[in-house]
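Data block below; observations after.
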Amino acid sequence: TQHVDVPRRSTMAKLLIAALAPALVASFSSMPPEAPTCPEPTMFDTLEAAKKMAQMVARTQSPSPMALAEIMEHIKPVGYYTAHIAEATDAAYSPGAVVADGFSGDTDYPYAHIKVLNTVGEFDPKSGFMLNGVPDGMGIYLLNNDVIRFIFQSESYGPISGASTLGAGDTHPFIVNNNGASFTGSHVMYVDYDREKFAHFMNHGESAQGMTLGAGNLVHNAYNLKGDMIGPRTHDGCSAAPHFSNTGPDGCNPNWNTIMREGMLAPESADWVMQSLCSAHLEEKHQWGPGIGVEDDLFITNEEWTSFQPGSDYTGIPAHVIELATGDMHATGVFTLGGFEKIVEFNCGHPDYVCFSPSGYNGAFGVPAGEASRKNALGLRPDGTPYVWPENVHPSRIYIGKKGFNAKGEPANDFLSRNGLAHGQLYGFATDQADGLFQDAFSKVKPPGTTISGAFYPIGWKWDGEVKTFVHDGSWDYQHLTADGIPFWNLNGRDSPGAKTEHNAPDPYGHPRYVQGSTAGHMGIYSVEGITSLLNSGMPTKIPATFTLLQGEQDITSQIMLGGKGIKANGQGQTTMSDTYRVNADSSITDSAKVTFEDIDGLEWLASSDTPQGYLVIQEDGGNDFGERTFLTKVETDGTPMTYYFLAMSGGDDNTRNKAGVGVPPGTNAGASAHEFSGVTDASGITAKNADGSWMVHAHDGYSKRQADKSMTINEKLIVMGMQAHSLSGGLIRAFQGDRGGQNYIMRPKLPM
């Protein structure tokens, strides 16, 4: 292993960067389309001038200006960087691996060929937009027959990150609407690529810069839960058209901390916080067949968690649905306002309805459990028992939406109404066939392939378009008994929280089912085979269903295939997960070395021609001290133990490269900490060709994309995945308010067949 010393930035350099940044940050913001009265300098012009200025100052040989010039030199166009943040094995156990800032480690990945697609901190010379992090939910589709549009969002927290200095936690703002309203926190971004070049990207060693056509903020206009175009935050703290995630139902939040938790600073350069857009999913019009599925191409995302002031009139946090044709983002309350990790459409086979699976916290608001007393003051549960705080007290859920109706149940053709996202019904899974065990406990003792029958039952709450305080939300209803007198199959019962449900994914072949993961380390498939016929009679009162356990919270060490890689910095293999590792004062070692999956976060289901059940990409988020893991596995529903092929690892506070201050772009590593892989999307179908060389898929034909996706073997596919590098919060990322770093990768698997 070669260690290369790289000069670190001095305090003076940090001050110089901070002084230079405000003039440039404005150029990174996405402005509403207006005709300027005179031409303005582009971001590219500004950066070139800044580089020349820095280089002139550097000629004085002063270390600080030289460091500034070096950092400015690292600001590159989207797709420039080819060095990997992720690695195949720790550099300490990879002969010849270079440990140097800005350089790759071991990229000889055992079961996939992986290349960098883009890197946080890169910018578009045309628009001036800079990619910010950390990357998370994503999707990909054809903007037209020649251009691939890749969409991803940043899981950012703005001032809710707990920053102690005004503006310190803010990402560069993005401006929406013609009224100049603005957001910090999470962004939703796009990068456009030349389709032909993208299709051949894995066939050469060049960077992605040459196929990149442009990048920017996806959102142009933002509408709140009432359907109003969001306006700026007012000085008196009450807004006529607020972002309700930061106010009460009346639009008020005087001094910011009336609603947001005391001690949380208000945004410095923006009106509102778009808080922690975690995962997301792109749904194309009629992706399941003629007339089946949503009516527009859309990207559905969601605020995941937040931090409210206990006792205040907070409303909760919603899902947000972006119309891809216009860039309009609409808040919707149909899934409740409990906050979500990921919401995906699955096929229920009926032209008049849409079906979604929502997954996530159900009330992660940073308030004490005693807040449930406010709900109980309005009345106890129907069976006379008291409510508990609803966070992680819920079953697997589905939502059925009626197309063409608004929140009042009236015929309507606005975006949310025509897509079934204004009027519908939520259901939760319940069963009395699980031997008295709830989800988390069930997964610890039952073998893979165990199938139980049950049903999805409706809850009493429905979204009616009225914004109310959270005590009136549907998130509490999963503590009720169903119409058959049995409890919902919650994570840990009616009265105690369980492990968080993270990502879910629809069956990519189009069967009416989806897979659901958990931070407890288990995953399984929910199937509603008879749902189409039930919908012929209207909204069902009960939907028979089955659950099949794919993997329980049990020992998987013998199922992991490392392929000669995946060695930790302590010399042990990544067959175990070390979320606690330390060398004690007496030289003894404490190592958790967990044998189960730990905190399954990312999870996506991929179709292929070589198996009828497809494959799963699994991404952990458990704070692995030696680097977070990601795997690829073939789905087995008959009880056959699934084989988990190790793809890559990244980060960790005991990882050799991370401890040495390695980052991409260079100069961004602010101290060793956790990374995680998060987000997957299938780029196979839109790059596939027929025998005559013509494209298999045309733009805005989601069904043909689904068919093309499953027409090739797993080793022929192109798969995009994201990686969050929480340690990369310095250098140009900090200077230009990019939050934290990361990369998006494209891979072609190479599994044994």
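Fair warning: this is a prediction, and the values are worked out from it, not measured in the lab.
Judged as a salt bridge (Lys or Arg N to Asp or Glu O under 4.0 Å), not a single pair has a partner in residues 238-249 (not counting sequence neighbours).
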Can you give each donor-acceptor pair under 3.5 Å made by side-chain atoms of residues 273-280, sequence neighbours left out, with the distance rounded to 0.1 Å?
from	atom 1	to	atom 2	distance (Å)
Gln275	NE2	Trp305	O	3.3
Ser276	OG	Glu304	OE1	2.9
Ser276	OG	Trp305	NE1	3.2

Quick one: side chains of residues 140-147, donor-acceptor pairs under 3.5 Å with protein atoms, not counting sequence neighbours, listed by atom name and distance.
from	atom 1	to	atom 2	distance (Å)
Asn144	OD1	Asp146	N	2.8
Asn144	OD1	Val147	N	3.0
Asn145	OD1	Ala699	N	2.8

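If you look at Tyr314 and Phe244, their ring centroids are not closer than 6.0 Å. Aromatic rings from Tyr427 and Phe456 are positioned such that their centres are separated by 6.0 Å or more. A ring-centre distance under 6.0 Å is not found for Phe129 and Phe123.
Shown here are the side-chain hydrogen bond (donor to acceptor under 3.5 Å, both in side chains) partners of Lys462, two or more places apart in sequence or in another chain: there are none. Listed by chain and number, the residues in a side-chain hydrogen bond (donor to acceptor under 3.5 Å, both in side chains) with Glu284 amount to none (sequence neighbours excluded). The side-chain hydrogen bond (donor to acceptor under 3.5 Å, both in side chains) search around His700 returns Asp297, not counting sequence neighbours. Remark: Thr687 pairs with Ile148, Phe198, Ala199, Leu718 by the side-chain contact (heavy atoms from CB on, under 4.5 Å) rule, at least two apart or across chains. The salt bridge (Lys or Arg N to Asp or Glu O under 4.0 Å) check on Glu502 picks up Lys500, with sequence neighbours excluded. Remark: Asp313 engages Arg374 in a salt bridge (Lys or Arg N to Asp or Glu O under 4.0 Å) (not counting sequence neighbours). By the side-chain hydrogen bond (donor to acceptor under 3.5 Å, both in side chains) test, Gln287 is found to be paired with Glu283, Glu345, Arg706, residues two or more places apart in sequence or in another chain being considered. Partners of Glu323 according to the salt bridge (Lys or Arg N to Asp or Glu O under 4.0 Å) rule, which considers only residues two or more places apart in sequence or in another chain, are Arg418. In terms of the side-chain contact (heavy atoms from CB on, under 4.5 Å) criterion, residue partners of Pro232 (sequence neighbours excluded) are, by chain and number, Asn179, Ala181, Asp271.
Electrostatic pairing of Asp507 and Arg513 counts as a salt bridge here, judged by a charged N lying under 4.0 Å from a carboxylate O.
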### Task
Would you check, one step at a time, whether the test side chain to side chain donor-acceptor pair (under 3.5 Å) holds for Ser357 with Asn504?
CA-CA 8 Å; Ser357 163; Asn504 50 354; 2.8 Å; yes
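Rounding to the nearest 0.5 angstrom, the gap separating the NZ atom in Lys403 from the CG atom in Leu421 is 10.5 Å.
Side-chain N or O atoms of Asp477 include one that pairs as donor or acceptor with a backbone N or O of Gly460 at under 3.5 Å.
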